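These notes concern the structure reproduced below.
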Amino acid sequence: QVQLVESGGGAVQPGGSLRLSCTASTSESNSRFYMAWFRQAPGKEREAVASSSSSDDIFYSDLVKGRFTISRDIAKETSYLEMNSLKPEDTAMYYCAADFYWRARLRPLSVDSYTYWGQGTQVTVSS
């Protein structure tokens with residue numbers, strides 16, 4: 001069992017920044033995991049944001065490349081998503097996802113690659 005808890009969402013003005021955190025609780029703490037971020041706006045399908053299994057294995061959606069940065073604190077089993085230059089179209093529920101490296105490695109930005117999901121944290125970008 002892997003449980004994920006997101007935090008850091010909120011309301012911000014366009015051009016602002018937010019930092020999301022996702023902490024994993026698992027009995028497989030010594031295993032290599034992908035931790036990823038997805039988002040879903042009302043009426044739209046869930047879409048990838050970023051994914052990482054290590055500092056040298058990082059993937060970004062073209063939607064956020066250059067504005068968002070994903071990082072990991074392995075010791076804390078935590079993923080961070082630094083979001084800069086936020087736009088109204090970034091408004092969505094942001095979900096943390098995780099799965100074993102071997103299970104997600106072929107398609108680390110695919111929703112179908114992940115078994116474990118957090119409850120989400122809302123990000124609203126508006127004036």
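Index from 1, following the sequence. Values below: every heavy atom of this structure, side chains too, minus hydrogens, waters and symmetry copies. What you are looking at is a predicted structure, and each value in this text was computed from that prediction instead of being measured.
- Put simply, I58 and F68 are part of the same group of oily side chains (I, L, V, M, F, W, Y) that touch within less than 4.5 Å, one to the next.
- Under the side-chain hydrogen bond (donor to acceptor under 3.5 Å, both in side chains) criterion, E82 pairs with no residue at all, not counting sequence neighbours.
- The heavy-atom pair separating S127 from P14 by the smallest distance is N-CD, 3.8 Å.
- In this structure, the side chain of T121 engages the main chain of G9 through a donor-acceptor pair within 3.5 Å.
- A cation-pi contact links R46 to W117, judged by a cut-off of 6.0 Å to the six-membered ring centre and 45° from its axis.
- For the pair N84 (side chain) and S17 (backbone), a donor-acceptor distance under 3.5 Å is absent.
- Connection of V111 to Y94 is not established within any shared hydrophobic cluster, with ILVMFWY side chains joined at heavy-atom distances below 4.5 Å, either directly or through further cluster members.
- Using cut-offs of 30° and 60° for the angle between ring planes, the Y114 and F38 rings count as perpendicular.
- A donor atom on one side chain and an acceptor atom on the other are not found under 3.5 Å apart for S53 and R105.
- Across all non-hydrogen atoms, the minimal contact from S52 to S54 is OG-O, 2.8 Å.
- Summarising the local packing, CD of Q119 is surrounded by 12 or fewer heavy atoms from other residues, nucleotides or ligands at distances under 6.0 Å.
- Taking 4.0 Å as the cut-off between side-chain N and carboxylate O, K87 and D90 do not count as a salt-bridged pair.
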Q) Run the side-chain contact (heavy atoms from CB on, under 4.5 Å) check on T23 and L4 step by step: do they pass? A) CA-CA 6 Å; T23 298; L4 304 172; over 6 Å; no
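- For S71, the side-chain hydrogen bond (donor to acceptor under 3.5 Å, both in side chains) test picks out no residue, with sequence neighbours left out.
- In this structure R19 satisfies the side-chain hydrogen bond (donor to acceptor under 3.5 Å, both in side chains) test with no other residue, sequence neighbours excluded.
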Q) Would V123 and T91 count as a side-chain contact (heavy atoms from CB on, under 4.5 Å) if you check the C-alpha gap in whole Å, the side-chain angles of each, and the deciding distance to 0.1 Å? A) CA-CA 5 Å; V123 172; T91 296; 5.9 Å; no
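- Looking at S51 and W37, their side chains never bring a donor and an acceptor atom within 3.5 Å of each other.
- Between D73 and T78, the side chains place no donor N or O within less than 3.5 Å of an acceptor N or O (distance only, hydrogens not considered).
- No more than 12 heavy atoms of other residues, nucleotides or ligands shown are found within 6.0 angstrom of CD on Q13.
- Contact annotation: the side chain of M35 approaches that of C96 to within less than 4.5 Å [non-hydrogen atoms, C-beta and beyond].
- Using a 4.5 Å cut-off on side-chain heavy atoms (C-beta onward), V12 and M83 make no contact.
- Using a 4.5 Å heavy-atom cutoff, the side chains of S31 and F100 are in contact.
- Between S79 and I70 the shortest side-chain heavy-atom distance falls below 4.5 Å.
- In summary, the side chains of Y101 and D57 do not present any donor paired with an acceptor at a separation below 3.5 Å, with no hydrogens or angles considered.
- Taking 4.5 Å as the limit, every side-chain heavy atom of T69 sits out of range of all side-chain heavy atoms of L81.
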Q | Test log, rule side-chain contact (heavy atoms from CB on, under 4.5 Å), inputs F59 and V49 | A | CA-CA 9 Å; F59 300 87; V49 176; over 6 Å; no
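- Between E47 and R39, the closest side-chain pair of non-hydrogen atoms falls below 4.5 Å.
- Linking Ile, Leu, Val, Met, Phe, Trp and Tyr residues whenever their side-chain heavy atoms come within less than 4.5 Å places L109 and M93 in a single cluster.
- With respect to the salt-bridge test (charged N to carboxylate O, under 4.0 angstrom), the residues D112 and R103 do not qualify.
- Considering every non-hydrogen atom in both A41 and A92, the closest pair reads N-CB, 3.9 Å.
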Q: Please report the C-alpha distance between L20 and Y80 in whole Å, then the side-chain angles of each, then the deciding distance to 0.1 Å, and finally whether the side-chain contact (heavy atoms from CB on, under 4.5 Å) criterion is met.
A: CA-CA 6 Å; L20 307 183; Y80 303 96; over 6 Å; no
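- A chain of hydrophobic side-chain contacts below 4.5 Å, direct or via other Ile, Leu, Val, Met, Phe, Trp or Tyr residues, connects W102 to F33.
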